[in-house]
Asks: 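Below you will find the structure I want to go over with you.
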Amino acid sequence: MTTGKTPRIVILGAGLGGSIAAFEIREAVGDKAEIVVVNKGHTYQFVPSNPWVAVGWLKREAIEVDLRPVFQKKGIIFHPEGAARIDPANNSLQLTTGEALTYDYLVIATGPELAFDEIEGLGPHTGFTQSVCQVDHAVAAGTVFDQLAANPQPIVIGAVQGASCFGPAYEFAMIVDTELRKRKVRDRVPMTFVTSEPYIGHLGLDGVGDTKGLLESEMRNRHIKWIVNAKVSRVEAGKMFVEELTEDGAHKADHELPFGFSMMLPAFRGVEAVRGIEGLTNPRGFILIDKHQRNPAFPNIYSLGVCVAIPPMGKTAVPVGVPKTGFMIESMVTAVAHNLKQELSGQAPTHEATWNAICLADFGDGGVAFFAQPQIPPRNINWAASGKWVHLAKEAFEGYFIGKVKAGKSEMFFEKMALNMMGAHKLKGE
């Protein structure tokens, strides 16, 4: 524990969940606690816009925010050197500088580690496929994509076995299709979508509304072939080896897919700083939490975002994870902030996140939107729709969210009003 009179709340990670958590926790607890953020680097990146960067529609600077002045303005202490390891038994974490930082409460919002190494030849660093998981990856993918457009060849896009984030793969496939048509070379670029999902539009959620029909229709209209129940065996330069399984997991077919450009989303795992700590994580390194976002073994540790452990949605032929969408993460943030406020007042935490999902999947010239309440079935609301309005809505949301981070706000008043009108609450019982 910290030795001072003021409790210290340390937030590990400053991505979508961690940065908003810092702002909302500061607002919730006021001056009753010292707020400290630990992150690798000082730049926030709006990850949902990475597909636009990868086709040259945006420069990386447009989706990045320097967090140092934002946190300083909010009275939040910032350590951009990152953490090497958590020591929950001693309420401390070791920074990469070797310094030990103690805490009274810890909020883990690290996001995932990208497990490219689990498949031979996968990934942008030592493999042959591209990624849009980080802005650096998207910039690198943009260079390779330009080369592809200048020398048209087949494209393979999708998500490998164990992946839990499928929306960006669909988005990127459609955005690439749109951009290739703009460059008037689409007719010379065969496209194949490869996914571990049991059907198109499953999304790790067993579908939302008619996402199956909507996404299959989009892919047919855009002449994109697909392989589901797909397991990527390995990747070589210009060639992907894929085993296709039946619904019951039996071998169905082998595919050798040639490509001049490929973007495959990897499986995720917990980051090294937390992985393998007994009682804190599951075997993949994701943080175990209860209904109040607290770790059962170390109740002064909360967690939110992609790094939390959520069981998969039933049995599938190929492993498929559950995504943690943006609004779902923001509902976790709100629950954590309210529960920490209660704890600092000597009360037991009572707030539970709704885990509702609102998603805008942009296709460059249209898109698909869905609203799942809650994200995991059975649901009270199970709705999906498509249209050109989705692209415009995604552009507007990007500008709004980046502006929110720059302002150090977790939620603007008109956002709360709009969500209330939709019935999209962040806390159960609201």
Side-chain angles (χ1 to χ4, degrees), residues 15-16 47-48 50-51 54 111-125 127-134 137-138 141 155-174 176 192-208 211-212 215 219 224 226-235 240-245 249 255 257 259 262-271 282-286 305-326 328-329 357 359 361 375-376:
L16 185 151
V47 173
N50 284 343
E113 182 175 282
L114 307 174
F116 292 116
D117 60 296
E118 293 181 345
I119 298 175
E120 181 184 349
L122 187 71
H125 301 300
F128 305 99
T129 62
Q130 306 304 312
S131 163
V132 292
C133 296
Q134 298 174 358
H137 297 169
I155 287 178
V156 177
I157 293 172
V160 307
Q161 57 270 26
S164 58
C165 187
F166 298 93
Y170 286 101
E171 281 191 305
F172 192 61
M174 309 300 182
V176 163
T192 305
F193 191 82
V194 175
T195 178
S196 53
E197 299 163 274
Y199 58 83
I200 292 297
H202 180 279
L203 302 171
L205 297 169
D206 200 13
V208 180
T211 49
K212 182 179 188 293
L215 288 170
M219 295 179 87
I224 300 173
W226 65 78
I227 302 172
V228 298
N229 286 320
K231 182 178 180 181
V232 177
S233 304
R234 71 183 191 279
V235 185
M240 185 177 299
F241 296 83
V242 178
E243 180 185 10
E244 182 182 0
L245 304 183
H255 303 269
L257 303 176
F259 65 84
S262 176
M263 195 294 295
M264 296 295 292
L265 298 177
F268 294 163
R269 62 185 172 222
V271 301
N282 70 6
R284 288 289 293 179
F286 294 111
V306 179
C307 63
V308 303
I310 299 179
M313 292 293 305
K315 186 178 180 180
T316 53
V318 182
V320 172
V322 178
K324 291 91 173 184
T325 57
M328 178 187 187
I329 293 172
C359 183
Q375 176 167 298
I376 298 173

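Remember, it's a predicted structure, so these values are computed and weren't measured experimentally.
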Asks: Between G111 and V271, what is the shortest heavy-atom contact and its length?
Replies: O-CG1, 3.7 Å
Asks: So C133 and N50, side chain to side chain contact (heavy atoms under 4.5 Å, CB included) or not? Walk me through it.
Replies: CA-CA 7 Å; C133 296; N50 284 343; 6.0 Å; no
Asks: What I'd like to find out is whether the side chain of F268 reaches to under 4.5 Å of the side chain of L114, using heavy atoms alone.
Replies: yes
Asks: Pair up each side-chain donor or acceptor in residues 158-169 with any protein partner under 3.5 Å, not counting sequence neighbours, and list the distances.
Replies:
residue : atom : partner : partner atom : Å
Q161    : OE1  : V232    : N            : 2.8
Q161    : NE2  : V232    : O            : 2.9

Asks: Please assess L205 against V322 for the test side chain to side chain contact (heavy atoms under 4.5 Å, CB included), listing each intermediate value before the final yes or no.
Replies: CA-CA 6 Å; L205 297 169; V322 178; 4.2 Å; yes
Asks: Can you see which heavy atom on A115 is nearest to which on R269, and at what distance?
Replies: CB-NH1, 3.6 Å
Asks: How would you list all residue pairs meeting salt bridge (charged side-chain N to carboxylate O under 4.0 Å, His left out) that involve residues 155-171, not counting sequence neighbours?
Replies: E171-K394
Asks: Looking at T129 and G123, would you say the former's side chain and the latter's main chain have a donor-acceptor pair under 3.5 Å?
Replies: yes
Asks: For a 4.5 angstrom cut-off between non-hydrogen side-chain atoms, does T195 reach I227?
Replies: no
Asks: As an exercise, state the distance from NZ of K212 to NE2 of H202, rounded to the nearest 0.5 Å.
Replies: 11.5 Å
Asks: How far apart are the closest heavy atoms of F116 and M264, and which atoms are they?
Replies: CE2-O, 4.3 Å
Asks: Quick one: which residue pairs count as a side chain to side chain donor-acceptor pair (under 3.5 Å) with a foot in residues 314-324, not counting sequence neighbours?
Replies: none
Asks: Say whether, by atom type as modelled, one donor and one acceptor occur between the side chain of R234 and the main chain of G121 under 3.5 angstrom.
Replies: no
Asks: Taking the side chain as everything from C-beta on, heavy atoms only, tell me whether E243 gets closer than 4.5 Å to V318.
Replies: no
Asks: Rounded at 0.5 Å granularity, tell me how far OG in S262 sits from CD1 in I157.
Replies: 7.5 Å
Asks: Between A173 and F193, what is the shortest heavy-atom contact and its length?
Replies: CB-CD1, 4.1 Å
Asks: With a 4.5 Å heavy-atom cut-off, do Y199 and D206 have their side chains touching?
Replies: yes
Asks: Do L122 and P266 come within less than 4.5 Å of each other through their side chains, counting heavy atoms only?
Replies: yes
Asks: For I310 and I376, what are the C-alpha separation, side-chain angles and deciding distance, and is it a side chain to side chain contact (heavy atoms under 4.5 Å, CB included)?
Replies: CA-CA 10 Å; I310 299 179; I376 298 173; 3.9 Å; yes
Asks: Taking all non-hydrogen atoms of both residues into account, name the closest pair between L203 and E197 and its distance.
Replies: N-OE2, 2.6 Å
Asks: So, do T211 and I200 sit near enough that their side-chain heavy atoms are less than 4.5 Å apart?
Replies: no
Asks: Report the C-alpha distance between M219 and Y170 in whole Å, list the side-chain angles of each, state the deciding distance to 0.1 Å, and finish with yes or no for side chain to side chain contact (heavy atoms under 4.5 Å, CB included).
Replies: CA-CA 9 Å; M219 295 179 87; Y170 286 101; 4.1 Å; yes
Asks: Distance-only, no hydrogens or angles: does the Q375 side chain make a donor-acceptor pair with backbone N or O of P323 under 3.5 Å?
Replies: yes
Asks: Could you pull out the closest heavy-atom pair between P198 and V320, with the gap in Å?
Replies: CD-CG2, 4.3 Å
Asks: Measure the spacing between CG of L265 and OG of S131 and express it to the nearest 0.5 Å.
Replies: 7.0 Å
